[in-house]
Protein chains: 2
Amino acid sequence: MSTEPGLRERKKAATRAMLCQAAMRLALERGVEHVTAEAIAAEANVSPRTFHNYFSSKEEAIVAAHFEGAHGLLESLRARPRDESVWTSLEVCAQELIDRLRGDASPDNLRRMFKELHTIKTHPALTAQHLNALHDLTRRLAEEVASRTGTDLDRDLYPRLLCAAVGAAFMAVTDMWVHGQTDRDLHDLLKEAFALLQAGLPIPSGMDTQPAAPSVPSAPSHSTGGSAVTPAYCEPDATARSVSPPPDIDSSRDATDQ
Amino acid sequence: MSTEPGLRERKKAATRAMLCQAAMRLALERGVEHVTAEAIAAEANVSPRTFHNYFSSKEEAIVAAHFEGAHGLLESLRARPRDESVWTSLEVCAQELIDRLRGDASPDNLRRMFKELHTIKTHPALTAQHLNALHDLTRRLAEEVASRTGTDLDRDLYPRLLCAAVGAAFMAVTDMWVHGQTDRDLHDLLKEAFALLQAGLPIPSGMDTQPAAPSVPSAPSHSTGGSAVTPAYCEPDATARSVSPPPDIDSSRDATDQ
DNA sequence: CGGAAAACATGCGGGTTCGGCAAAATTGCG
DNA sequence: CGCAATTTTGCCGAACCCGCATGTTTTCCG
């Protein structure tokens, strides 16, 4: 009884990868609306019926290509030290997710990732798939969080809420990166998001119009101490850590936010 | 130049409502997989082509029925006092959303809402549409939040992150309600979610395994002061405020969480 | 008020999407 | 190697969607 994947399983995984990569490639080349399941199958050298054995729609395939990087992320969380704060563990994993989505650090990969995210966030059908994938991922992460915090997934709100918030942060950060007006890098944005969440999302100072709610924390007391929040993730190539929008595709920055 | 909707506009809105309500009704009666666009159109007494003028898919129609309650929620936020904390405003609106999704307070409506949510969260295609609708809503809410907090939607992470987190809270709460093991009511769960978010989602006490991150707030110092967080929403029928899972549909509580 | 324009409903047709079914091909095991 | 299990593939049909053109209803204007 071998735990090594057999030829069958390896070929299945390879076919799946070929299909979703073909889907993404064609979508970026031709535009999502112009891609058909038939063309994807042909590009991957399988039959259309086989394509539908793997994916129920082309959108699913396209998003699957992008989200391949998320594969194994739950295992990464599981591998974190159990005595570590779940906040730290989750942040490390979220930052790792960004690196996985990008692949090797290079301007080309950065450009590709931007294009992929922009495409996904510009087409509602793709956005929906992406949100679904993220929702599924955070649901699974919540199980591990429950285990680590001694909470009950079905009775305590904490694990679900924490992971949902982390997923939301990921989404907000990538939305901002793609649609906003920022040249900050994704890691930096995500770090800020985690700091803000942990601080309880205080209303920006100077704009505190709350006359009667003393329960809202005043200023971010620890958002400046961010160095303690991203401790343990070792980026293989630390010099190329920066994940900012590529400078030569500013033309993508149209008013797609409408 | 009248601002009153003309007959045309009124008939359009009525047709749209008829269509999505028919979609939801049939989905609940027959199961989502057994509903066709043709049947929905027939149920609403229009042609299939007309159905597709309104919705590009049956899933969109089904979720639109559920999310009809969200219509006008942005206007509700805009109507909140501008000197109120956005936290308060958002919580009031989130609570209002629950009431809108439920409709008039009655055991039947409660049962229907549970069924609707359960259906949506059990079918991936519906979940995706639901997530998308929520994502769009929070995106629009973020504009108002930016306006109220003097932040810039495209340059500051805060408004997007706050609203994304609120959306995530809504999702986590409803997921918990439908799939978890709780008989707490939705309003109560949502209140807890807001308190937890504002407290920075502290790791439950006794489970604080964080050895080296002093930046994490210790105990929920204001999560018990929740009475200041839900101040101003006047529920029309306060005696039936409870939104807990209907007791006679425990059979829906199968292992759909897998 | 009547007629024209605009908006919406509808029918038709066609390309695409999906999945059931069965046969063919590939892989794993004794 | 033979056989069983698994995967691929071809075929088919129901359903999905949307472009296009025509008919109907509402709105606008003289």
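Every chain is numbered from 1 and lettered A, B, ... according to where its sequence line falls, protein lines coming before strand lines.
- Using a 4.0 Å cut-off between a side-chain N of Lys or Arg and a carboxylate O of Asp or Glu, K12(B) and E9(B) do not qualify as a salt bridge.
- For the atom pair OG1 of T174(B) and CE of M176(B), the computed distance is 11.5 Å after rounding to the nearest 0.5 Å.
- Listed candidates were dT8(D), dC8(C), dT10(C). Nearest to the side chain of T15(A) is dT8(D).
- Using a cut-off of 4.0 Å between Lys/Arg side-chain N and Asp/Glu carboxylate O, R102(A) and D108(A) are scored as not salt-bridged.
- With hydrogens and angles left out, the side chain of R8(A) and the base of dT7(D) share no donor-acceptor pair within 3.5 Å.
- Distance CZ (R10(A)) to C1' (dT26(C)): 14 Å, rounded to an integer number of Å.
- A heavy-atom distance below 4.5 Å is found between the side chains of M171(A) and K121(A).
- Taking atom NZ on K12(A) and atom P on dG28(C), their separation rounds to 13 Å, with Å as the unit.
- As rounded to whole Å, 19 Å separates atom P of dG15(C) from atom CD of E33(A).
- Using a 4.0 Å heavy-atom distance criterion, F51(A) is classed as making no nucleic acid contact.
- A close approach under 4.0 Å does not occur between any side-chain nitrogen or oxygen of Y54(A) and OP1 or OP2 of dT7(D).
- When each of R100(B), R16(B), Q21(B) is paired with E68(B), the side chain to side chain donor-acceptor pair (under 3.5 Å) condition holds for Q21(B) and for no other.
- Salt bridge R80(B)/E144(B): absent, no basic N to carboxylate O contact under 4.0 Å.
- As rounded to whole Å, 12 Å separates atom P of dT8(D) from atom CD of E9(A).
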Distances for protein N/O vs nucleotides 16-20 of chain D N/O pairs under 3.5 angstrom?
| from | atom 1 | to | atom 2 | distance (Å) |
| --- | --- | --- | --- | --- |
| dC16(D) | OP1 | A37(B) | N | 3.3 |
| dC16(D) | OP2 | A37(B) | N | 3.3 |
| dC17(D) | OP2 | S56(B) | O | 3.2 |
| dG19(D) | N7 | R49(B) | NH2 | 2.9 |
| dG19(D) | O6 | R49(B) | NE | 2.6 |

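- With distances taken from any side-chain atom of S47(A) to the nucleotides dC8(C), dT9(D), dT7(D), the minimum falls on dT9(D).
- For the pair K11(A) NZ and dT26(C) P, the computed distance is 8 Å after rounding to whole Å.
- The distance from atom CG of N53(B) to atom C1' of dG11(C) is 12 Å, rounded to the nearest whole Å.
- A salt bridge is absent between R155(A) and D183(B); no separation between the charged side-chain nitrogens and carboxylate oxygens falls under 4.0 Å.
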